[in-house]
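Have a look at the structure below before the remarks.
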Amino acid sequence: MIQSIPLKKLVPSPRNVRKSSDVLADLQLRADIAARGLLQNLVVRKGKRGKFEVEAGGRRLAALQALAEEGTLPKNHEVTCLVIEGEESEVREASLAENFQRLAMNPADEAQAFASIIEAGATPEDVARRFGLTVRFVEGRLRLASLAPCVFEALAEGTITLDMAKAYGAISDVERQAHVYAELQDAWYQITPDTIRRMVLDATVRGSDPRAVLVGRDAYIGAGGRIERELFDDDASESWIDVALLEDLAHKAMEEAAKKTALEYGLAWVRPTLGTYVSHDLVEGLSRLPCEPAPMTEQEAKELGELEADYDRVAAVLEDEDSHEDEVAKAEQELVVIDRAMRALNDRPPVLADELKPEAGAFLVLSRNGEPTLVPQFYTETEVIADEGVVEAVEECGAVKPKGSSLSQRLLDELAVQRRDILAIHLANDPALALDFMVFTLADADGHDWRARKASTLVGSVASGPVAGFEAKDAPASAALAEFAGSLDESWRSG
């Protein structure tokens, strides 16, 4: 029931699910209450010695108490409250529901609250239904509740981000999580979720790992790194034990390579990453410069024409039903060579106008063979169109004026990636559609035209699309697909 209760009789409840808050938001709330009064009643439960414990509205209670301390409100100020009764789990659930309608809760608070409700007998489906959330969201928060205590406390205090906490949760071994967390406390370089994920998954690193190839065995041992070898191990299969040290050395090597690359290409900046691709968090807040591929020279155009003629000539051998088996086998090998040469001519990196280079940058990734590689995609931290000269430069890059109604092959490929992600997230959430798609793909693959392309880029063996390193920034399907992939249990892969 609704009841007016003196402020001095109200105390915070130990069951209130919110454990953290925002200082600026609290000050704003205090000023708002001082100006307009309490617009939303508190939710309380009878406590001991005539006191009432505030189950929902802890921030508002703190604001009222602060106003009373400074004399803005009397200490016996009457506060409108909703008095509730029930089991502790029901009260905690009411507190959680009320908080979800207010200032966004810290993920750690949400995790503890969800875990408490589950322990009281509810299921993740029940919690999701009661609070209008997805089951995946609830399960994700429950996984956070099972993190190593030091990691969970860091999340609650805001020392690490939610993405970092999820990276620690890539494995269920809390001892490994705590060990990696301790190792990274003295890291001088920027710690990313990818760094954490690699370290928790890799208790040791093989000598063939790209980071190991980059750093080199002598440099690693010289810095105090330890290596273990089994009887039949070689340099590639031996185990490098000190992963944090290896990450440190690899970051330094990539930093040096990035500085040299920036000078070589005349770019304002080049940022390194130990990942094999440019992740979404790295390009957050940047504007991409969609430059066109460099035009072919007359000699290259001539070579491409000759290759196309050779392709048609060899393809005719395969199309001829009277061709001998040896001729067919030879033609197939020749087509592979010709196709590779044509791709080398057609797959041309984009060219950035000289006028844009003073404000442009790019990313340096670590290839699978351990070599620092510049990704041929350019970004800027400022607006692309700044003056007439920059406008002309951007037009030359194809960012302002498209040539006629045609689109570049690069753009078409990137749109294909987004179409693929949209299809993939639908397949992941609709088993019936997935079955239909699988049957269609199997039937479509039973064609007789050897030149026919595959109907789908969704294959189990390769998780890649038509554009290497491309990530659809802010695309809902891509973000949903990444979240879905992160929720999968991959512990079976290490068995």
Side-chain angles (χ1 to χ4, degrees), residues 14-22 56 58 88-89 92-185 191-202 279-281 284 428 479-494:
R15 292 173 296 276
N16 193 297
V17 298
R18 186 187 297 279
K19 307 300 180 184
S20 58
S21 189
D22 181 278
E88 182 173 330
S89 61
R92 186 180 293 272
E93 182 176 323
S95 172
L96 177 60
E98 197 273 348
N99 273 289
F100 257 106
Q101 310 306 321
R102 303 294 184 272
L103 179 67
M105 294 176 65
N106 183 291
D109 294 344
E110 295 172 357
Q112 284 185 326
F114 287 153
S116 298
I117 295 175
I118 295 296
E119 289 173 2
T123 66
E125 290 77 11
D126 294 334
V127 176
R129 184 171 54 255
R130 292 175 192 175
F131 298 104
L133 304 170
T134 64
V135 175
R136 187 176 304 147
F137 179 90
V138 175
E139 291 176 341
R141 289 299 187 264
L142 290 175
R143 282 196 296 274
L144 294 180
S146 62
L147 289 171
C150 59
V151 177
F152 189 84
E153 290 172 8
L155 175 63
E157 295 170 359
T159 306
I160 63 174
T161 65
L162 176 59
D163 286 339
M164 290 180 175
K166 289 180 178 179
Y168 279 108
I171 60 172
S172 58
D173 187 346
V174 293
E175 292 184 2
R176 179 63 186 164
Q177 295 172 8
H179 178 72
V180 171
Y181 180 80
E183 282 189 306
L184 290 175
Q185 294 313 294
I191 301 172
T192 67
D194 285 339
T195 296
I196 296 171
R197 190 174 292 104
R198 282 194 302 269
M199 291 184 65
V200 297
L201 292 175
D202 298 334
S279 59
H280 175 76
D281 60 313
E284 184 70 30
L481 188 60
E483 179 185 354
F484 177 80
S487 68
L488 296 177
D489 181 9
E490 297 187 0
S491 58
W492 58 272
R493 303 180 68 171
S494 59

To the nearest 0.5 Å, what is the distance between NE2 (H179) and CE (M199)? 7.0 Å

Contacts of R198 that satisfy salt bridge (charged side-chain N to carboxylate O under 4.0 Å, His left out) - sequence neighbours left out: E247

Minimum side-chain heavy-atom gap T123-D126 below 4.5 Å: yes

With sequence neighbours excluded, tell me which residues meet side-chain contact (heavy atoms from CB on, under 4.5 Å) with I160. V151, A154, L155, M164, A165, Y168, Y181

To the nearest 0.5 Å, atom CD of Q185 lies from atom CD1 of I191 at 7.0 Å

Looking only at non-hydrogen atoms, find the nearest pair between L144 and P107 and report the distance. CD1-CB, 4.1 Å

Would you say that V174 contacts S146 through its side chain, given a criterion of any heavy-atom pair below 4.5 Å between the two side chains? no

Does the side chain of L162 reach to within under 4.5 Å of the side chain of R141, using non-hydrogen atoms? yes

Mind checking whether F137 and E110 have side chains closer than 4.5 Å, heavy atoms only? yes

Looking at P124 and V135, what are the two nearest heavy atoms and their distance? CB-CG1, 4.4 Å

Of all heavy-atom pairs linking V200 and A167, the shortest is CG2-O, 3.6 Å

Ignoring hydrogens, what is the shortest heavy-atom contact between F152 and A111? Give both atom names and the distance. CE1-CB, 3.9 Å

Quick one: side-chain contact (heavy atoms from CB on, under 4.5 Å) partners of A182, sequence neighbours excluded? none

